[in-house]
Amino acid sequence: MRSRIGIGLIGFGTIGTGVVKLLSQHQGLLRERVGVPLELVKIADIDLERPRGVKVKPGSLTREATEVIHHPGVDVVIELIGGIEPAKGFILEALRAGKPVVTANKALLAQEGREILDVLRETNQELGFEASVGGGIPIVKAMREGLVANSYKYIYGIINGTSNYVLTMMETEGLSFQEALTDAQAKGYAEADPALDISGVDAAHKAAILATMAFGRYFSLSEVYVEGLEGMDLRDIRYAKELGYRVKLLALIKGGPQVEIRVHPTLIPSDHSLAKVDGVFNAIYIEGDAVGPTMFYGQGAGEMPTASAVVADIVDIARDLLKGVRRRVPPFSYENLERDVQVKPMDEVVTRYYMRFTAQDRPGVLSKISGILAKRGISIESVIQKGRRERGTVPVVMMTHEAKERDVRLALSEIDNLEVIGGKTVLLRVEDGRRRC
Ligand code: HSE
């Protein structure tokens, strides 16, 4: 019987510091819950000078990740450096050295996950990645255990705290996009490269992981349709609000003969539970065929919430190690990730749309626009002309009934070429969000 579980940490940044704090603050509590102490044995980082406000055991710090991986007292390796390399190399080395791994690295899982999965199979090792999606929200555990009896119909996620914070601050404080982003960065929510948050790619990484767990085959980032917040105009947030909607950067994953996996700014009804998720908070709405609608809500980023998820994975692995079992629960919920599931091409997606045309304010313009839409079978639900003339043009906002993406794109390319149209049409997708929780 082991008398302790030794932990090795690679990456002593924001989340790593949170993990060190949590393991120390809750040393007694975790010991009672696990049965033996969780002992931080070795920590690697390239920067050992920066003050972090936490005490570590003398001699436990190193600049060499391999010292952590191969330390005989380390039973579990935690990778918190992020990015592809050298993180991938360290994870594979640890797995091959016979050590289970915990990571928060969504980019790596969504981009290079196949290789990680191959090595996991080859080594029959464990991988914890709770912290990779939704920060402190235990969504990974919920999907692979609590909801395992369900076939998933819909998963809607607000899974990027930075972009949700930016949208919230734009809407509620009237901040510019840049002001809101700078504030999010100052608070430590944004990725080192905030472009990943704003472009939707961070949410897409997480969507690929959720889809893999939902549908039982590996989905990579390249299969996720992504649009970010670049160019998001405060006017569209305001018009959407007047129409009874809020704009959220939503990850949408839908089951069916072909699955949909997409991330884009989306209008959702203001009275939907997801619309009330503000600031850095994340929420994942899941509808299973047996359970019906469920929603998981919490802090999707930040030092301590993310550390909470990392330590939860450490505890799961520690319990398996103590009981002498491995992979009691497969990391992605399926014993084999080999189901034959195809992704619906974006052109085939059917949804409702918000369109803002920059149109000349003169007779016949609306009929030209609606004529082109009608020719493509796109039916208009409502139309409003907003505000005053801006350099001879007016914003015309339309909501459509369900239409096919390909038809909408073809119609808009024709409309944007009309001489009465004074700028590129803004196109946002609308989602009813299914039943309200
Ligand atoms: N940058 C991420 C976010 C952090 O804003 O949600 C958690 O992945």
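As the structure is a prediction and not an experimental result, all values here were calculated from the model. Just so you know, ligand 1 is whichever comes first in the structure, and atom 1 is the first atom listed for that ligand.
Taking any N or O of Ser163, backbone or side chain, none lies under 3.5 Å from an N or O belonging to ligand 1.
Ligand 1 lies less than 4.0 angstrom from a heavy atom belonging to Gly300.
Here is the list of ligand 1 atoms found below 4.0 Å of a heavy atom in Ala301: 4 (C), 7 (C). Under a 4.0 Å criterion applied to the non-hydrogen atoms of Asp197, ligand 1 contributes the atoms 1 (N), 2 (C), 3 (C), 5 (O). Near Gly161, with a cut-off below 4.0 Å to any heavy atom, the atoms of ligand 1 are 3 (C), 5 (O), 6 (O). Heavy-atom proximity to Lys106, at under 4.0 Å, picks out these atoms of ligand 1: 7 (C), 8 (O).
The cationic atom of Arg144 (NZ for Lys, CZ for Arg) lies less than 6.0 Å from the six-membered ring centre of Phe129 and within 45° of the ring axis. Both cation-pi conditions hold for Arg52 and Phe12: the charged atom is under 6.0 angstrom from the six-membered ring centre and inside a 45 degree cone around its axis.
Each salt bridge (Lys or Arg N to Asp or Glu O under 4.0 Å) pair with one or both residues in residues 24-38, not counting sequence neighbours, would appear here, but there are none.
For the pair Lys241 and Asp236, the salt-bridge criterion is not met [side-chain N within less than 4.0 Å of a carboxylate O].
For Asp202, every heavy-atom contact with ligand 1 shorter than 4.0 Å involves the side chain, none the backbone.
Paired with Glu227 under the rule side chain to side chain donor-acceptor pair (under 3.5 Å), one option of Arg429, His264, Arg262 passes, and it is Arg429.
Closest heavy-atom approach to atom 5 (O) of ligand 1 among the candidates Ile159, Thr162, Val280: Thr162.
Checked against salt bridge (Lys or Arg N to Asp or Glu O under 4.0 Å), Asp118 has the following partners two or more places apart in sequence or in another chain: Arg121.
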